[in-house]
Amino acid sequence: MDKRPQLNEQQRRAASFGNGVASVLAIPGSGKTLTMTHRIGNLIRKHGVAPENILGLTFTRNAAAAMKTRLEPVLNKMTKRVQLQTMHAFCYSLLKNEGRTFEIITEKDQLTLIKKLAKKENIGKIPSGMIVREIGLAKNNLITWSEFKEIYQGDLMMMKIGHIYMSYEESKRKNLQLDLNDLLMEAYKLLKENTSVRKKYQEQYSHILVDEFQDTNPAQMGILQLLVSGRNGDTSFWVCGDDWQSIYAFTGASVGNILNFKDMFKNSKQFILDMNYRSTPEILNVCQKLIAHNTRKIEKTLRTQNSKGEGVVALCGVNEEDESLQIVNEIKDLLENRGYGYRDIAVLYRANCQSRIIEEAFSKFKVPYHVENGMSFYQRHEVKTLLEYLRFIDGPDSEEGDDALRKIINVPNRYIGRSFMTVLEEQASAKDKHLYQALKTMKIEVPYLRKYIKQFIEIIDPLIRDKSQLEPAELIGILREALEYDRYITDEDIPSPDDEKIANINQLQLAATRYSDIRSLLNYTGSFRDETSNDRNGVSLMTIHKAKGLEFPIVFVTGLIEGMLPHKNGDLEEERRIAFVGISRAMKQLYLTCSATYAGRPVKRSPFLEEMLSGKVE
């Protein structure tokens, strides 16, 4: 008995496609995963294809796992024989199977190596995170270090990065290491240069399916073209995606791969899944209006048979605090008068730093919530570390101060190891002193440690002395400058266009302006550790990027102001696609929110609001 849900006509035609090349353009909520699993089932059940000859590629491990789960009712035990992998996992297996010896360098070790090479080459104040990002983008575009230097001839900064790129590759080669982007480059190179290897995998995987095709980068596209070009007989190449939901350009993804698919594969067939099973016509109307303003797109009409539903609601606050208060009031109404629960609701934003104001409002009015796939604002490392500095400054000679010192003494890195801390703890215990007093009188033999501890004390002592005259926001500003903290945290992470960590500590400093002393601020931030802020049954808070692939009955898309959405550093059409992904998560009710000021400055409403609602904002 076939346990699979029934397909509509468009889905059926896409799933029943035979041999050749096909692209399936699937609008949000149109059942693309269902269609893809049916196609795999059809290949095996109806066309007699061996499961081992099918390769299904996705872009996250979660998506691959979800696909396997969907396949199990269709194929039962045969599911395990179908290769469902991420592109990186496929490339890793390919290289290992072909006898390559290597280990993957972790992101942390990668950044450490780049820092070491940058220091050795004396390249100046180019952030290590930026170097890692530029090298990664180059590799995603199949650009070697020599080609990189040629492209950027005459650009002094990029030439320096190119020199580090060269040294980085040489270091990895000596140590038999590859980074994640190398997996793509090396697999591409092997398939391109070795005819027998290429034919082997073309014969092994006669039927290739790719999910979320709009997120492919040029390297991934190159690998796919090598796997499918020149094949004859019973073979197929079937991709599924939506150009309207391409939102990963900052990682190297190219929307051009899906836009130009028919030109790259002249005889390919195109299917459009335009029946939405998720949202109301009111929500889809707003989605259609918004995306209509993009010029680089494949035309589609969003259709649904769902009932009309509630009108889309727009809210504009005086400032971001008022915006959040209005969200709280709407949530209360949804629960008390309309029968929804907290789990039905998601609040989405463009950048993580925007969660702070929302979390504070939810905490104040006892709205349970959790930050999806992330930490609540005051638990984020870059924020929490500054709060630990304040905690130490507030009470250096206390148990609490000792605990804080253990957490901050090596941030930024002062090369203080466990043995040093053990000696410090022993001396403090022997002299019946707290750690900081023991540290100040400790005889330190190692020159570099003596230098770093001296610098630490020179920063901290004046702040302890003057803490009653300095407000928390001032202390944070002094710490950021004295510790070169902004540079430290951006080098700790590969920067996104959002500069999220800097934005987070800016938000912390802004929140601190409400308090005149350290203890009041710490008492407030400490209140976010309770169960309200980590309730899996509460409202979901997340960035729009994190929400991709999810759906909720109620969705608030917040911060619709110029500079945030669209982001000031973003491509306008990509930003519009990000907004489109956000609003298309909503099933029953969509709220669009903005504020007249942000961070104390007047701001303009996002042009996307006008595009969606024709200027009619409640």
Side-chain angles (χ1 to χ4, degrees), residues 1-90 93 204-216 220 224 227-228 234-242 245 258 261 268-279 304 548-551 584-585 587:
M1 181 179 174
D2 193 337
K3 301 176 183 177
R4 295 177 289 176
Q6 294 301 304
L7 303 182
N8 67 32
E9 181 59 22
Q10 296 163 314
Q11 293 169 331
R12 187 195 62 76
R13 288 172 58 227
S16 301
F17 176 75
N19 297 326
V21 180
S23 61
V24 180
L25 300 170
I27 68 164
S30 61
K32 70 177 177 64
T33 304
L34 177 68
T35 305
M36 189 167 172
T37 54
H38 269 257
R39 170 160 180 76
I40 294 172
N42 286 343
L43 288 172
I44 295 169
R45 299 285 194 198
K46 294 184 178 180
H47 299 283
V49 176
E52 291 80 6
N53 294 140
I54 297 172
L55 175 64
L57 295 172
T58 67
F59 286 86
T60 67
R61 282 174 291 183
N62 287 343
M67 189 76 70
K68 288 177 183 175
T69 301
R70 293 280 193 97
L71 263 181
E72 281 171 0
V74 181
L75 297 178
N76 300 318
K77 292 180 180 179
M78 280 195 291
T79 301
K80 294 179 180 179
R81 293 165 56 192
V82 179
Q83 290 299 309
L84 294 173
Q85 296 178 298
T86 65
M87 181 70 83
H88 286 88
F90 168 72
S93 299
Q204 170 70 48
Y205 299 115
S206 52
H207 297 273
I208 297 175
L209 303 90
V210 184
D211 191 19
E212 301 290 3
F213 185 73
Q214 76 278 350
D215 294 333
T216 52
Q220 292 163 337
L224 291 168
L227 288 172
V228 303
D234 294 334
T235 63
S236 69
F237 178 43
W238 189 96
V239 306
C240 190
D242 182 13
Q245 297 182 75
I258 195 166
F261 190 85
S268 64
K269 181 81 172 173
Q270 184 181 86
F271 301 95
I272 296 179
L273 306 185
D274 60 3
M275 178 61 70
N276 178 287
Y277 293 95
R278 173 186 298 159
S279 306
T304 187
K548 181 84 165 57
L550 303 178
E551 61 184 22
S584 62
R585 303 307 94 195
M587 300 167 71

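These figures come from a predicted structure and were not determined experimentally. Any value given below was found using the heavy atoms of this structure, including those in side chains, with hydrogens, waters and symmetry copies removed. All residue numbers in this chain count up from 1 along the given sequence.
- When the salt bridge (charged side-chain N to carboxylate O under 4.0 Å, His left out) test is applied to Asp211, the partners found at least two apart in sequence or on another chain are Lys32.
- Taking the six-membered ring for Trp and thresholds of 30 and 60 degrees, Phe237 and Phe261 have ring planes inclined between 30 and 60 degrees apart.
- Across all non-hydrogen atoms, the minimal contact from Thr37 to Met67 is CG2-SD, 3.5 Å.
- Note that CD of Gln85 and NZ of Lys68 are 7.5 Å apart. Values are rounded to the nearest 0.5 Å.
- To the nearest 0.5 Å, atom CG of residue Leu84 and atom OG1 of residue Thr79 are 8.5 Å apart.
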Would you be so kind as to tabulate the donor-acceptor pairs closer than 3.5 Å made by side chains of residues 9-21, with sequence neighbours excluded?
{"residue": "Glu9", "atom": "OE1", "partner": "Arg12", "partner atom": "NE", "Å": "3.2"}
{"residue": "Glu9", "atom": "OE2", "partner": "Arg12", "partner atom": "NH2", "Å": "2.6"}
{"residue": "Gln10", "atom": "NE2", "partner": "Ile272", "partner atom": "O", "Å": "3.3"}
{"residue": "Gln10", "atom": "NE2", "partner": "Asp274", "partner atom": "OD1", "Å": "2.6"}
{"residue": "Gln11", "atom": "OE1", "partner": "Asn8", "partner atom": "N", "Å": "2.9"}
{"residue": "Gln11", "atom": "NE2", "partner": "Ser30", "partner atom": "O", "Å": "2.8"}
{"residue": "Ser16", "atom": "OG", "partner": "Arg12", "partner atom": "O", "Å": "2.7"}
{"residue": "Asn19", "atom": "ND2", "partner": "Asp234", "partner atom": "OD1", "Å": "3.0"}

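- Residues Trp238 and Leu43 are not in side-chain contact: their nearest non-hydrogen atoms beyond the backbone lie 4.5 Å or more apart.
- In terms of the salt bridge (charged side-chain N to carboxylate O under 4.0 Å, His left out) criterion, residue partners of Arg278 (sequence neighbours excluded) are, by chain and number, Glu551.
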Apply the test side chain to side chain contact (heavy atoms under 4.5 Å, CB included) to residues Val82 and Ile44: give CA-CA distance (whole Å), side-chain angles for both, the deciding distance (0.1 Å), then the verdict. CA-CA 10 Å; Val82 179; Ile44 295 169; 3.9 Å; yes
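- Under the rule for a side-chain hydrogen bond (donor to acceptor under 3.5 Å, both in side chains), the partners of His207 that lie at least two apart in sequence or sit in another chain are Ser236.
- Residues satisfying the side chain to side chain contact (heavy atoms under 4.5 Å, CB included) criterion with Thr235, sequence neighbours excluded, are Ser206, Arg231.
- Between the CD1 atom in Ile27 and the CG atom in Leu273 there is a gap of 8.0 Å [rounded to 0.5 Å].
- Residue pairs meeting the salt bridge (charged side-chain N to carboxylate O under 4.0 Å, His left out) criterion with at least one member in residues 47-57, sequence neighbours excluded: Glu52-Arg81.
- The CD atom of Gln214 sits 6.5 Å away from atom CD of Gln245, with the distance rounded to the nearest 0.5 Å.
- Remark: Asp215 CG to Asp242 CG distance equals 10.5 Å, nearest 0.5 Å.
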Acceptor/donor pairs from residues 53-62 side chains to any protein atom, 3.5 angstrom cut, sequence neighbours excluded:
{"residue": "Asn53", "atom": "ND2", "partner": "Gln204", "partner atom": "O", "Å": "2.8"}
{"residue": "Thr58", "atom": "OG1", "partner": "Thr60", "partner atom": "O", "Å": "3.2"}
{"residue": "Thr60", "atom": "OG1", "partner": "Ala63", "partner atom": "N", "Å": "3.0"}

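- When side chains are defined from C-beta on, Phe90 counts as touching Leu227, because their heavy atoms get closer than 4.5 Å.
- Residues Arg585 and Pro28 form a side-chain contact, since some pair of their non-hydrogen atoms from C-beta on lies under 4.5 Å apart.
- Taking CG from Leu209 and CZ from Arg39, the interatomic distance works out to 5.5 Å, rounded to the nearest 0.5 Å.
- With sequence neighbours excluded, no residue forms a side-chain hydrogen bond (donor to acceptor under 3.5 Å, both in side chains) with Ser23.
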